[in-house]
Structure formats: structure tokens, C-alpha cells
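Beneath this line is the structure, given in C-alpha cells, with notes to follow.
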There are 2 protein chains.
Amino acid sequence: MYVTSSPDFNDDTAVIPARKPSIARQATITIKPGKHLFLEDDPAGLIYEVASGVLRLTRIMEDGRRQVIAFGYPGDTVGFPSNGRYHTDCDALVPTTLIVHRRSDLESAKGDPELHLRLLRAALREISGMQDHFMMLGRKSSIEKLASFLLVLSARVGEPLGEYTQIALPMTRADIADFLGLTTETISRTFTQLRKSQIIAIDHVNTVVILKPVGLRAIAQGDSD
Amino acid sequence: MYVTSSPDFNDDTAVIPARKPSIARQATITIKPGKHLFLEDDPAGLIYEVASGVLRLTRIMEDGRRQVIAFGYPGDTVGFPSNGRYHTDCDALVPTTLIVHRRSDLESAKGDPELHLRLLRAALREISGMQDHFMMLGRKSSIEKLASFLLVLSARVGEPLGEYTQIALPMTRADIADFLGLTTETISRTFTQLRKSQIIAIDHVNTVVILKPVGLRAIAQGDSD
DNA sequence: CGGCATTTTGAAAAAATTCAACTCAAGTGG
DNA sequence: CCACTTGAGTTGAATTTTTTCAAAATGCCG
């Protein structure tokens with residue numbers, strides 16, 4: 001079974017047409033918060049493109065330590081296989097709609113060359129994005145990490161609020177901590193620090209407003225502090 | 001210019017044959033230690049497969065902080081482009097021979113479908129490998145990081161030495177530090193710690209012998225310590 | 001042998017974690 | 001509608017880990 005938590009299957013076209021995919025309706029599934037799309041070491045038959053919602057990709061160590069590998073936002077593609085298997089767990093943070101592709105769409109240009117190239121590009125973009133994440137995990141301080149994280153989200157899913165930018169955080173502090181390689185306490189303290197220095201405002205626990213994007217950018221890159 | 005440090009070009013066949021690549025001699029280059037194969041943001045026209053030697057892939061922050069993204073060992077493929085550009089610097093730690101592929105070999109199956117698939121698989125393997133590295137950077141202690149690093153090298157390029165396994169380290173302590181997100185001092189102290197507990201022996205600064213692989217594995221996974 | 005960069009070691013400082021308590025917000029059921 | 005419960009988030013203080021700064025040792029190369 002590829003879909004480990006049996007989400008609603010909403011397969012408009014059981015057989016994905018090999019041609020004119022932009023015209024044909026695509027196979028999509030919907031998955032509810034907390035439900036898993038796949039688990040580490042599951043055989044990987046499908047690749048998913050996020051249409052709406054947010055996914056969480058994680059890996060867990062034997063002793064329970066967790067690393068959030070990525071959050072999957074609309075436009076992101078998840079589930080790239082290696083040796084035929086997924087190598088992270090993947091679940092949804094909010095109700096999420098996914099466009100389903102077959103692994104063969106990535107691995108061969110036989111079916112739909114355009115789709116093939118699109119998936120390949122997504123994989124290459126993934127590699128590039130992960131390299132940014134490396135720098136963040138390995139070489140940045142807690143405040144630089146959080147500032148970088150907020151900036152990425154801001155650029156990706158920020159919404160204008162008057163003259164400022166608002167960001168919804170569908171993930172918990174623990175998720176952010178496991179993404180940035182920190183603890184929830186450190187995340188909380190760092191949010192407080194950014195709030196007290198008037199760089200951000202925290203409306204609701206899960207809603208951040210960026211008051212000084214320039215200041216945030218300076219922090220993210222380590223200019224002075 | 002793709003090859004930023006003008007390594008010896010050793011192009012046996014100037015035009016790479018589209019068919020029967022396994023029979024045709026392949027385009028290779030040789031690059032000397034310290035010389036750069038490419039730099040971040042260089043336009044990426046070529047993809048390289050390490051035939052022999054060791055590469056170092058790095059990214060540098062404005063203020064000089066460095067992250068070693070990966071070491072490229074024989075069998076590894078480097079230079080995957082995103083938006084047509086490289087996104088790390090790449091240089092050689094020892095004299096290194098590379099098989100050269102064109103970007104189009106990865107991006108299209110038109111030329112050589114077999115090569116295309118091989119490069120694609122390499123990209124997917126890359127993604128998988130980077131995810132291991134995430135867990136290491138984000139969630140492991142210094143000793144766990146170094147133990148994990150030595151185990152990976154051991155499996156990859158370890159050589160039997162009597163009943164033990166010997167590892168050559170072509171990189172400096174600073175390289176290892178920047179790979180694991182630590183300082184050279186911490187790397188040095190951690191080596192000493194492993195040496196004093198008889199888990200490893202350090203013949204020469206750049207030659208480690210694994211005396212107790214089981215112990216090393218236990219440390220890498222955080223089994224007590 | 002001398003010079004230079006790398007590595008190691010030590011001690012102090014800084015950063016982040018751990019452990020513990022407290023606050024807050026969102027449900028639940030009386 | 002309100003007390004009660006619960007889980008997430010925040011804050012504080014102590015501890016641990018890692019870094020920083022400094023100095024000594026090592027090894028390599030001419």
C-alpha cells in the first residue's frame with residue numbers, strides 16, 4: 001500500500017492520459033491533518049505535488065529524536081524515491097490536496113516528456129533547496145535560523161497585511177525546533193527575542209507579522225547580531 | 001566558462017557519441033588538489049562523475065562561515081544544476097579524475113536513455129543521502145556526528161588492515177568540522193576522546209583505524225554513549 | 001634545520017539544553 | 001455558562017555542550 005492512511009481517493013481519471021496532461025483532469029487525493037501520506041521505507045510508487053495545504057516530512061531516530069526534513073507547500077513535490085523506497089515519513093499539517101504522479105513519470109520520458117522534465121526539475125530544485133538548509137543547520141545561530149525560516153516562509157506564503165507581511169504557521173513550535181535543529185524552548189525564547197526587539201509581532205501563537213523585514217534579513221545573514 | 005580552473009582536458013572523443021556509450025571512450029578531465037571544478041552561481045553546463053580522487057563541495061556565507069555540503073568520492077555524481085547554475089563551489093582534495101556528462105544528458109532522454117536514467121538515479125540518491133546528513137547536522141552530538149562520519153567513510157572507502165578497517169582522510173580537521181557543523185577544536189577533542197576510549201587509533205593525522213566498529217556504531221546512534 | 005600551517009590541549013566564555021514551573025487557549029462535560 | 005482538563009507555549013534557573021581565545025605541540029616542505 002502506498003497511501004498508508006487511506007486518504008479519500010479522488011481519481012478523476014483512473015488511467016492518467018499519456019498526452020495532453022494539461023487538458024486532462026489529473027488524479028488528486030486529499031489528506032487530513034495528522035494522516036500519513038507515506039512512511040520511511042514504504043515502497044515508493046507515487047510522487048506527489050502539493051496543490052494546497054502543507055505537508056511535513058520527517059525522519060526519526062531509534063531513540064525518538066526527530067528531524068523535520070522539510071515542509072511541503074503548494075508547488076513543492078514530495079516523495080522522490082531512492083532504491084524504490086521513500087526515505088522520510090510524510091504527513092499533513094492541514095487538509096492537503098495532492099496531485100498524484102507515477103514514479104514512472106519521473107523515471108522515464110516515455111509517457112509524457114513534459115511531465116517528466118517537470119518532475120526532474122523539481123528534484124533538482126529539491127537538491128538546491130536542501131543545500132540552503134545545510135548552511136542553516138550547520139552554521140547558523142538560533143536567532144539566525146529562526147529569522148531565515150521566517151524569511152523563507154514570508155517569501156513563499158506571506159500575505160500582505162497593511163504595509164506588513166503576515167505569515168500563518170500551521171506547524172507547532174516543536175516542528176519548527178525539529179526543522180531548525182533546536183528545542184521548543186529555544187524557539188520560544190527566540191520568538192520572544194524577535195518580538196521584544198520589534199522585528200516581528202505575534203498576533204496569535206500561529207500568526208506572525210513581520211514588522212521589519214530589513215532587520216530580519218540582517219539577522220538571518222548574521223550582520224552584527 | 002564551466003571549468004573555472006582550467007584542468008587538463010583529456011577529451012578522448014570530442015563529440016560524445018549518442019549511442020553505445022559503454023563501448024565508446026568517455027570524455028574525462030583531471031583536476032589537481034586545490035583547483036576548482038566550478039564555483040557557486042557559475043552557469044552549469046556539465047555534470048561530473050568522480051572516477052577517482054575526492055572532491056569537496058562547499059558553500060560560503062558572506063561573513064566567511066563555510067559549510068561543506070559533501071565530499072565527492074568515486075561513484076558520486078556532482079554538479080546537478082538548478083536554474084541552469086551550480087549552487088556550491090567544488091574543488092579537489094587530491095588529484096581527481098572525472099567523467100564529464102552534458103547537462104542535456106540528465107535533462108533529456110533523447111541522447112542516451114541509459115545514461116539519462118543513470119544520472120537521474122544519481123540525483124535521487126543524492127536527495128536521499130542529504131536527508132541522512134540533515135539528521136546528523138540537526139540532531140546529533142559532536143561525538144555522534146564524528147562517529148557517523150567515520151562509519152560512512154568506513155563503508156565507502158575503508159580498507160582492511162589485518163582484522164581492522166583503515167580509513168584515509170584526505171580532508172583537514174577544518175573540512176570535517178565544516179561538514180559536521182562543528183569547530184576544528186571540537187573535532188580534534190572528539191578524535192582524542194574516541195582514541196582514548198580505544199574505539200579508533202590514529203596512525204597518522206590523516207589515517208584512522210577503526211578498532212571497535214560495534215562501539216563506533218553504538219555511539220553514532222546514540223546508544224547511551 | 002627552520003619556518004609555517006595544522007593539530008592538539010587548556011581554560012574561560014557563550015550558546016543552547018534540560019528540568020521545572022507557570023500561563024494560556026481550546027475544548028469538554030456538568 | 002463555567003469549572004476542569006489538557007496540550008502547547010512561555011519563562012526561569014541550573015547544567016551541559018560547544019565555542020572561543022590562547023598557547024603549545026606536531027609534522028611537513030623547502
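Taking atom CG of residue L146(A) and atom P of nucleotide dT10(D), one finds them 11 Å apart after rounding to whole Å. In this entry the distance linking CG of D203(A) with P of dG9(D) reads 16 Å, nearest Å. Rounded to an integer number of Å, the gap from NZ of K140(B) to P of dT17(D) is 17 Å. Rounded to whole Å, the distance from CG on D175(A) to C1' on dG7(D) is 14 Å. If you take CD of E185(A) and C1' of dA13(D), they are 13 Å apart, rounded to a whole angstrom. The distance between atom CE of M171(A) and atom P of dA8(D), rounded to the nearest whole Å, is 15 Å. Spacing between atom CD of E144(B) and atom C1' of dT18(D) amounts to 14 Å, rounded to whole angstrom units. Following rounding to the nearest Å, R173(B) (CZ) and dG27(D) (C1') show an atom-to-atom distance of 12 Å.
Under the ring-ring contact (aromatic ring centres under 6.0 Å, His included) criterion, F80(B) pairs with no residue, sequence neighbours left out.
Each of R139(A) and F191(A) was assigned the nucleotide of DNA chain D with the nearest heavy atom; the assignment lying further toward the 5' end belongs to F191(A). Nucleotides of DNA chain C nearest to I187(A) and I187(B) differ in position, and the one nearer the 5' end is that of I187(B). Toward the 5′ end of DNA chain C lies the nearest nucleotide of G181(A), the other residue of the pair G181(A) and V205(A) mapping further downstream.
Each of dT19(D), dT9(C), dC28(D) was ranked by its minimum atom distance to the side chain of T192(B); first place goes to dT9(C). When each of dT19(D), dT8(C), dG9(D) is scored by its nearest atom to the side-chain atoms of N206(A), the top-ranked nucleotide is dG9(D). Residue T183(A) has its side chain nearest to dT17(C) when only dT17(C), dT19(D), dT7(C) are considered.
Although no hydrogens or angles enter the test, the distance criterion places a donor-acceptor pair under 3.5 Å between the side chain of D89(A) and the main chain of E40(A). Using modelled atom types, one side-chain atom of T192(A) and one backbone atom of S188(A) make a donor-acceptor pair closer than 3.5 Å.
In this structure, I69(B) and F179(B) approach most closely via the heavy-atom pair O-CE1, 3.6 Å. Heavy-atom minimum distance, D178(A) versus Q67(A): O-NE2, 3.0 Å.
No hydrogens or angles were tested; on distance alone, a donor-acceptor pair under 3.5 Å links the side chain of R189(A) to the base of dT18(C).
As judged by a 4.0 angstrom heavy-atom cut-off over every strand, S142(B) is placed among residues touching the sugar-phosphate backbone only. In this structure, T186(B) reaches the bases: a heavy-atom distance under 4.0 Å links it to at least one base atom across the strands shown.
Not one side-chain nitrogen or oxygen of H204(A) sits closer than 4.0 Å to the OP1 or OP2 atom of dC24(C).
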